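A quick write-up on the structure given underneath.
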Amino acid sequence: MIITPATKLLALIGDPVGHSLSPLMQNAWIADHGLDAVYVALPLRSADPAAAIRALKDFGLAGLNVTVPHKEATALAADRTESAVANVLRREEDGSLSAFNTDGPGFLDALSEAAPDWRARVKRVLIVGAGGAAQGIGQALSPFADTIHFANRTAERGEVAAAALPNGRTLRWDDLERGFGAADLIIQTTTLGMKDQPLYDWPVALCRPTAIVADIVYRPLETDLLRAARGRALTTMDGLGMLIHQGARAFDLWFGIRPDIAKARERLTAALA
Ligand code: ATR
């Protein structure tokens, strides 16, 4: 790679960003297409993240990916946005900033890859958790499902997530077994099962034989939940799917090129091994 004054700079901002797989994924795609660009990770801890983002605009950054906790500030800092919660910024030719959200569409892309017939199969969705990822996924799935149930350890947060959707519902954490038994699609969005975090004994034995089971955790790539679901021959979707597809949509927004999903999966799987 040769870096010159003309090299376009792209960055991931968030706090933390130290363990992100996005620089590996995006720089490999940049190399695949011989683009004069480089993607770096910038930790941003600021009382005024929108001001920091506008300063990056003054430095002429070509684009940004944004992760927790700056997605709302990103939408505010942009000159135009398609969503109040944005994970992608693009600098336009006139120097203005456009904000996008590729998390929701990226999740749907990943689901279509894992279960191409999901639209015919999914009526009842169970989302475990109610954080930012859970809310974004709920919003993306809402138009395609009858009901979206949120089961969250802290019930009030689940109620807030459910109230944001016309078909949002809540399920008590104590009722997880019932939820697992009823759902056509289960999405695990909490930190449970993540490396160095507590495990949970998910009631996978109660799942319908046609259920699709997704986990957004990717360290480890095969969580206990996914292992149990595969043990029952259920359709599964791992945590790399959403990460790769949201990144592919961001790459397309910046460069107008749809990058290779399978190559990214090979590279990230190797990096996680
Ligand atoms: P993000 O925005 O990235 O999704 P988050 O807002 O920190 O992350 O959400 C983490 C989720 O994991 C929450 O739903 C949290 O439940 P609470 O709202 O009750 O905190 C859930 N979570 C974390 N640790 C958990 C645990 N030990 N048991 C059950 N849920 C847990």
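Just so you know, ligand 1 is whichever comes first in the structure, and atom 1 is the first atom listed for that ligand. Side chains are part of it too, since the values below use all heavy atoms of this structure and drop only hydrogens, waters and symmetry mates. Since we're looking at a predicted model, the values are computed, not measured.
In terms of polar-atom proximity, defined here as any N/O pair under 3.5 Å, G132 does make such a contact with ligand 1. At least one N or O atom of A133 sits closer than 3.5 Å to an N or O atom of ligand 1.
Applying the 6.0 Å contact sphere to NZ of K57 captures more than 12 heavy atoms from other residues, nucleotides or ligands.
Residue, atom and distance of the protein heavy atom nearest to atom 16 (O) of ligand 1 are N152 OD1, 3.2 Å. Considering only non-hydrogen protein atoms, atom 25 (C) of ligand 1 sits nearest to R153 NH1, 3.3 Å. Protein heavy atom nearest atom 6 (O) of ligand 1, with residue, atom name and distance: R157 NH2, 2.8 Å. Protein heavy atom closest to atom 19 (O) of ligand 1, with residue, atom name and distance, is T154 OG1, 2.4 Å.
Short contacts between ligand 1 and G131, defined as distances under 4.0 Å to a heavy atom of the residue, involve ligand atoms 2 (O), 4 (O), 6 (O), 9 (O), 14 (O). Near T191, with a cut-off below 4.0 Å to any heavy atom, the atoms of ligand 1 are 12 (O), 23 (C), 24 (N). Close approach of ligand 1 to A130 is summarised as follows: ligand atoms under 4.0 Å from at least one heavy atom of the residue are 14 (O). Atoms of ligand 1 lying under 4.0 Å from any heavy atom of G129, numbered from 1 in the order shown and given with element: 14 (O).
At least one heavy atom of W173 sits closer than 4.0 Å to an atom of ligand 1.
Interatomic distance, R90 CZ to L97 CG, rounded to the nearest 0.5 Å: 10.5 Å.
In this structure, atom 10 (C) of ligand 1 has its sub-4.0 angstrom surroundings free of protein heavy atoms.
Ion pairing between D224 and R227 holds under the 4.0 Å rule for side-chain N and carboxylate O. Salt-bridge check for R219 with D196: failed, with every basic side-chain N at 4.0 Å or more from each acidic carboxylate O.
In terms of modelled atom types and a separation under 3.5 Å, the side chain of E93 and the main chain of G95 share no donor-acceptor contact. Proximity of a side-chain donor or acceptor of D184 to a complementary backbone N or O of A211 within less than 3.5 Å is not detected.
Looking only at side-chain heavy atoms (C-beta outward), D238 and E222 stay at 4.5 Å or farther from each other. The closest side-chain heavy-atom distance from R169 to F150 is not below 4.5 Å.
Nearest to atom 29 (C) of ligand 1 by heavy-atom distance, out of L192, T189, I127, V128, is L192. The heavy atom nearest to atom 22 (N) of ligand 1, considering only T190, V68, T67, V160, is found in T190.
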Starting from the C-alpha separation in whole Å, work towards a yes-or-no answer on side-chain contact (heavy atoms from CB on, under 4.5 Å) for D36 and T4.
CA-CA 9 Å; D36 186 12; T4 74; 3.8 Å; yes
